[in-house]
Amino acid sequence: MRTVRAPATSANLGSGFDVFGVALDRPADVVRVEKADETTIEVTGVGSQYIPEDPRKNVVGAVADALDAPAHIRIDKGVRPSSGLGSSAASSAAAALALNGLYDRGYSRQELVPIAAEGEAVVSGEAHSDNVAPALLGGFTVARHGGVTAVDAEIPLVACLPEIAVSTRDARRVVPSRADMDDVVHTVGSAATLAVGMCRSDPELVGAGMDERIVTPARAELINGYYDVRDAALAAGATGVTVSGAGPSLLAVCGGADRARVASAMLDAFEDVGVDARAYQTRVGAGATFH
Ligand SMILES: Nc1ncnc2c1ncn2[C@@H]1O[C@H](COP(=O)(O)OP(=O)(O)OP(=O)(O)O)[C@@H](O)[C@H]1O
Ligand SMILES: N[C@@H](CCO)C(=O)O
């Protein structure tokens, strides 16, 4: 038997669409695997009523297939599905690491990234790795076609999750297929600033580098109160705010001393537009760990 805890993650960070990701210190999924003749799945925890236990529909079924590692898999969800906090990726990453250990497959964490990404293909139709990479490797990650680069960073964060469901599949449909060159240049500048900020653990640079004009405005339309909540977080001291993953969560970067104030401003702003929400005061954290 093997048990692995894999963290929530936030992808894109505004300017790094389908490329940048960070592991969050909390919340997390816990996945326990035992060898079996065929894969069966049991799901408990946050939002488990919305998660299929059929191995063809649950992300961990695809991961077990990819590793040729049939197992009884128990998932204790800490990351709500359709949250923008990498819920499916947390399960995929935890299952990949746990099954790799259970069956002694010998893959490195880097090698497990495309295997865990097979789980993402089950829910969004694409094996994108910007959530599974930080869930496995921790820190700030850059996922490109040639592989993944990861660096540790000390960055305080607030992830604010409203009681709205936005599926990744739907949020990908609103992404424009073309962009103006001015907006592309702006995005490159932001992305470079954000990456330097992560390497320096500098919340000012990371916040400034989240600014993006192509994908974020299209997705903001799916989140009731997005601009009010963003502006409230900025007024409370956040250095940058964007849509987390495909939404509906918002991710704010700030100095450690401002985190509680930013969290409460975001919750108040959601409440003002009649949306219940919860806020995680968190930071860039570690990747999946064995228990
Ligand atoms: N083990 C699992 N954990 C979570 N969701 C799962 C799992 N297996 C299948 N799903 C399905 O995946 C969908 C949630 O995935 P989705 O990518 O939309 O959200 P997310 O992972 O929170 O978001 P994001 O990738 O934007 O951070 C739900 O429809 C859910 O039923
Ligand atoms: N990069 C993905 C992350 C969500 O899983 C998206 O924004 O659609």
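Worth saying up front: this structure is predicted, and the values here are computed from it rather than measured. Order of listing sets the numbers, starting from 1, for every ligand and every atom in it.
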(message) Which of the numbered atoms in ligand 1 are under 4.0 angstrom from any heavy atom belonging to Lys57?
(response) 9 (C)
(request) Mind checking side chain to side chain donor-acceptor pair (under 3.5 Å) for Ser244 and listing every partner two or more places apart, or none if nothing turns up? (result) Ser10
(message) Donor-acceptor pair, distance only, cut-off 3.5 Å: does the side chain of Arg259 make one with the backbone of Gln281?
(response) no
(request) Just go through Val132, Val123, Ile73, Ile41 and tell me whose heavy atom is the nearest to atom 11 (C) of ligand 1. (result) Val123
(request) Name all pairs fulfilling the salt bridge (Lys or Arg N to Asp or Glu O under 4.0 Å) condition that reach into residues 97-125, sequence neighbours left out, sorted by first residue then second. (result) none
Which atom pairs, nitrogen or oxygen on both sides, join ligand 2 and the protein at under 3.5 angstrom?
| unit_1 | atom_1 | unit_2 | atom_2 | d |
| --- | --- | --- | --- | --- |
| ligand 2 | 1 (N) | Asn12 | OD1 | 3.0 |
| ligand 2 | 1 (N) | Asp18 | OD1 | 2.5 |
| ligand 2 | 1 (N) | Asp130 | OD2 | 2.5 |
| ligand 2 | 5 (O) | Asn131 | OD1 | 3.1 |
| ligand 2 | 7 (O) | Asn12 | ND2 | 2.6 |
| ligand 2 | 7 (O) | Arg219 | NH1 | 2.7 |
| ligand 2 | 7 (O) | Arg219 | NH2 | 3.4 |
| ligand 2 | 8 (O) | Arg172 | NH1 | 2.6 |
| ligand 2 | 8 (O) | Arg219 | NH2 | 2.9 |

(message) For Asn131, which part has a heavy atom under 4.0 Å from ligand 1: side chain, backbone, both, or neither?
(response) side chain
(request) Just let me know how Asn58 lines up against ligand 1, side chain, backbone, both or neither, with a heavy-atom cut-off below 4.0 Å. (result) both
(message) List ligand 1 atoms under 4.0 Å from Val59, heavy atoms only on the residue side.
(response) 1 (N), 2 (C), 7 (C), 8 (N), 9 (C)
(message) Tell me whether ligand 1 is touched by Val60 - counting only heavy atoms on the residue side and a distance under 4.0 Å.
(response) no
(message) Going by the rule side chain to side chain donor-acceptor pair (under 3.5 Å), which residues pair with Glu212 if we only count those two or more places apart in sequence or in a different chain?
(response) Thr216
(message) Any heavy atom of Arg169 closer to ligand 1 than 4.0 angstrom?
(response) no
(request) Mind checking whether Ser91 contacts ligand 1 via backbone (N, CA, C, O), side chain (CB onward), both or neither, at a 4.0 Å heavy-atom cut-off? (result) side chain
(request) Please confirm whether the backbone N or O of Tyr107 pairs with a side-chain atom of Asn100, one donor and one acceptor, at under 3.5 Å? (result) yes
(request) May I ask you to check whether Asn131 and Thr9 show a side-chain donor-acceptor distance below 3.5 Å? (result) yes
(request) Report yes if the side chains of Leu67 and Tyr103 come closer than 4.5 Å at any heavy-atom pair, otherwise no. (result) no
(request) With atom 15 (O) of ligand 1 as the reference point, say which of Ala94, Ser88, Gly45 has the nearest heavy atom. (result) Ser88
